[in-house]
Amino acid sequence: MARPGITREQVFEAAEALAAEGVNPTVIGVRTHLGSGSPNNITRHLSDWRAQRETATVESVPAPPEGFEQAIRQVWAHAWKAAQAQLVGEREALNEARRAIEQERASMLAEIERLDAALETAQERAMAEAQALETERGAHVQTREALREATVLAEERARQIERMDGERRENQAQLTALSGRIGTLEAENQRAKADLELTRQRLSEWREQASQSPGTNGAVAKELDSARNHAREARQIADLAGKKVLQLERDIEVERRAREEAERKLEAQERELAQLRAR
């Protein structure tokens, strides 16, 4: 592909500059001197420069000096013609060599073009692979971050499960203790009710005994006073037993409500714990 911007005049000037420095102008030398340019364009313009330079060299052969004798002029003319004939042969050989060199140079330039294209393709492929690698690296970073977050979440969930499981065990123990306390209170309440019933029966008996005592002699009066005292004591015991029964029933109701609340809390914790384990 021709690269614009390099003109015939620029190639001629670069070749003249290299020749003035004693350097044989080549395509690579001219391209290096110019800093850029298509090798094909430089080759074409450099060939024109060489052809023009050779023509100028041939045409600049001086005429024999004036003032020489005719024989010298003839010798000079003969020598010049012989040299010219030799120069023509050498020019043909040189042209042949130049054509071979140009062919080799053209092959080299084609190889340079191919290598440039291959280098550009390799660079593009390397850039694409680098970009793909960077994308893959970013995906790996995201995967590691997601894995880290999942690990943190799993650890937090495990701690929640352990904490809730501990609370559940504590609530279960509390529920068991409440059930035991309720059983104890109910048994104590039954005993208190039995004592109250027995006291009421005794009170009824003492009242009946006091109402059926005949006469009011000393012995009977003493027995009546004893029965009345027993009746008062029995009434006091009955009142205390009744109050104890009422208090026990209130305590039992409080404990039952606490047990129901503990059961509801335990059920809610078990549901939440099951949900956490299912995630």
Side-chain angles (χ1 to χ4, degrees), residues 1-139 141:
M1 180 183 296
R3 300 181 182 178
I6 300 302
T7 62
R8 184 172 183 270
E9 289 74 15
Q10 288 176 319
V11 174
F12 275 36
E13 290 176 0
E16 290 291 345
L18 293 174
E21 295 175 0
V23 178
N24 181 32
T26 62
V27 175
I28 297 176
V30 171
R31 188 185 187 193
T32 303
H33 184 83
L34 293 175
S36 63
S38 171
N40 291 332
N41 289 339
I42 294 174
T43 299
R44 185 174 64 256
H45 297 324
L46 190 60
S47 297
D48 293 343
W49 176 81
R50 286 197 179 94
Q52 180 176 332
R53 188 178 179 86
E54 290 173 0
T55 301
T57 301
V58 173
E59 291 178 352
S60 63
V61 175
E66 294 182 0
F68 278 84
E69 295 180 357
Q70 185 68 29
I72 298 301
R73 290 179 180 178
Q74 291 178 355
V75 171
W76 174 261
H78 179 74
W80 184 83
K81 288 180 180 179
Q84 191 69 10
Q86 183 179 359
L87 181 61
V88 170
E90 292 178 354
R91 184 182 295 119
E92 290 179 356
L94 180 62
N95 288 336
E96 184 65 26
R98 182 182 294 115
R99 283 191 294 271
I101 293 173
E102 291 299 332
Q103 290 179 356
E104 183 178 359
R105 183 180 293 117
S107 299
M108 292 177 62
L109 293 176
E111 182 65 14
I112 291 173
E113 291 285 348
R114 187 188 67 78
L115 291 176
D116 286 343
L119 177 60
E120 184 176 358
T121 302
Q123 289 174 344
E124 292 177 354
R125 185 183 300 111
M127 290 179 61
E129 291 177 354
Q131 185 176 2
L133 181 61
E134 186 64 25
T135 302
E136 185 177 358
R137 184 181 294 111
V141 170

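Residues: numbered from 1 along the sequence shown. Keep in mind the model is a prediction, meaning the values are calculated, not measured.
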* Structure fact -> For Trp49 and Glu16 the tightest heavy-atom approach is NE1-OE2, 2.8 Å
* To do: Supply the atom-to-atom distance Thr43 OG1 to Asp48 CG, rounded to the nearest 0.5 angstrom.
  => 11.0 Å
* Nearest 0.5 Å, what's the CD-CD distance between Gln131 and Glu129? -> 11.5 Å
* **Carboxylate-amine/guanidinium proximity below 4.0 Å for Arg114 and Glu111** => yes
* Structure fact -> Of all heavy-atom pairs linking Pro39 and Leu109, the shortest is CB-CD2, 3.1 Å
* Structure fact -> For Pro25 and Ala15 the tightest heavy-atom approach is CG-O, 3.5 Å
* Structure fact -> Between the CD atom in Glu134 and the CE atom in Met127, the distance rounded to the nearest 0.5 Å is 13.0 Å
* Asked: What is the distance from atom OG1 of Thr26 to atom NE2 of His33, rounded to the nearest 0.5 Å?
  -> 12.0 Å
* Answer whether the closest heavy-atom distance between the side chains of Glu102 and Arg105 falls below 4.5 Å. => yes
* Nearest 0.5 Å please: distance from the CD atom of Gln84 over to the CD atom of Gln86. => 10.5 Å
* Asked: Do Arg44 and Arg8 come close enough that some side-chain heavy atom pair is under 4.5 Å?
  -> no
* Asked: Are the side chains of Arg31 and Ile112 in touch, meaning some heavy atoms are under 4.5 Å apart?
  -> yes
* Structure fact -> Between Asn95 and Glu54, the two heavy atoms sitting closest are OD1-OE1, 4.3 Å
* What distance do Thr32 atom OG1 and Leu18 atom CG have between them, rounded to the nearest 0.5 Å? -> 9.0 Å
* **Arg99 side chain near Glu96 side chain, heavy-atom distance below 4.5 Å** => yes
* Asked: Within a strict 4.5 Å, meaning less than it, do heavy atoms of the Asn41 and Ile6 side chains meet?
  -> no
* Asked: Looking at side-chain heavy atoms only, is the closest gap between Arg50 and Leu46 below 4.5 Å?
  -> yes
